[in-house]
Amino acid sequence: MSVNNNGTFFGFPEIGPDGVKIGRHAHFMESIDPDQPNPDVNDRDRALLDQFAAKHLPGMNGRRVNETTCRYTMLPGEDFLLDHLPGENRVIVASPCSGHGFKFTSVIGEILADLATQGGTDLPIAAFTFDRLMKAANSTA
């Protein structure tokens with residue numbers, strides 16, 4: 001991830017025929033209608049990514065193979081939720097839907113296995129609890 005005045009950007013190395021992938025995290029934080037198709041990539045999107053590529057990946061700038069928009073869900077604060085349901089220790093809630101949860105699949109699986117089999121985990125998950133989620137939700141309300 002790279003953060004600058006134009007937002008937070010992410011990328012993946014060359015995997016498969018499409019080459020390097022870059023994108024802007026959470027686009028422009030606009031609300032979407034989940035019943036509507038994703039919007040097309042527009043000139044503003046291209047310009048923003050071209051500026052990022054020119055600065056950080058100069059060998060890639062202008063060599064676009066494919067372009068698409070994507071969507072994902074995020075909780076307030078953009079963190080995961082990995083915790084027992086308050087008041088019900090037999091129920092574990094997992095919402096690694098911060099737009100980057102899939103990148104953490106292995107450690108999320110380990111955390112969930114620990115919670116299910118041991119009731120807790122030695123891994124640092126304080127940032128991913130219901131308590132933290134409620135604080136984030138109240139600060140954005």
For the atom pair [atom1] ([X]) and [atom2] ([Y]), what is the distance rounded to the nearest 0.5 Å?
X: Leu82; Y: Phe104; atom1: CG; atom2: CZ; value: 11.0 Å
X: Leu57; Y: Leu49; atom1: CG; atom2: CG; value: 10.5 Å
X: Asp50; Y: Asp43; atom1: CG; atom2: CG; value: 10.0 Å
X: His56; Y: Gln51; atom1: NE2; atom2: CD; value: 10.5 Å

Check your understanding: Taking it one step at a time, do Leu115 and Ile111 satisfy side chain to side chain contact (heavy atoms under 4.5 Å, CB included)?
Key -> CA-CA 6 Å; Leu115 292 174; Ile111 290 166; 4.0 Å; yes
Exercise for review: Determine whether more than 12 heavy atoms belonging to other residues, nucleotides or ligands lie under 6.0 Å from atom CG of Asn42.
Suggested key: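 Result for CG/Asn42: enclosed.
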State which residues pass side-chain contact (heavy atoms from CB on, under 4.5 Å) with [X]; sequence neighbours excluded, sorted by chain then number.
X: Arg90; answer: Glu88
X: Asp35; answer: Asp33
X: Asn66; answer: Asp18

Exercise for review: Only counting residues at least two apart or in another chain, list the ones meeting side chain to side chain donor-acceptor pair (under 3.5 Å) with Asn89.
Suggested key: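 Result, side chain to side chain donor-acceptor pair (under 3.5 Å) vs Asn89: none returned.
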Practice item. State which residues pass side chain to side chain donor-acceptor pair (under 3.5 Å) with Asp83; sequence neighbours excluded, sorted by chain then number. Key: none
Exercise for review: Decide yes or no for His84 and Val93: does some side-chain heavy atom of the first lie under 4.5 Å from some side-chain heavy atom of the second?
Suggested key: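 In short, these two side chains do not touch, never coming nearer than 4.5 Å.
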Check your understanding: Quick one: are Val107 and Leu123 in side-chain contact, heavy atoms under 4.5 Å?
Key ->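 A side-chain contact under 4.5 Å exists here.
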Point to revise | Linked, directly or transitively: Val91 and Leu133 (ILVMFWY side chains, under 4.5 Å) | key: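 Looking at the clustering, Leu133 is in the same group as Val91.
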Is the backbone of [Y] close enough, under 3.5 Å, to the side chain of [X] for a donor and an acceptor to pair up by distance?
X: Asp45; Y: Val41; answer: no
X: Thr121; Y: Asp114; answer: no
X: Asp79; Y: Phe128; answer: no

Exercise for review: Measure the acute angle between the ring planes of Phe9 and Phe52, then classify it against the limits of 30° and 60° as parallel, tilted or perpendicular.
Suggested key: parallel
Check your understanding: Listed by chain and number, what are the salt bridge (charged side-chain N to carboxylate O under 4.0 Å, His left out) partners of Asp122, not counting sequence neighbours?
Key ->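 Partners of Asp122 under the salt bridge (charged side-chain N to carboxylate O under 4.0 Å, His left out) test: none.
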Practice item. Show your reasoning for whether side chain to side chain contact (heavy atoms under 4.5 Å, CB included) applies to Phe10 and Ile22. Key: CA-CA 6 Å; Phe10 64 89; Ile22 61 171; over 6 Å; no
Check your understanding: What is the minimum heavy-atom distance between Ala94 and Pro96, and which atoms define it?
Key -> C-CD, 3.6 Å
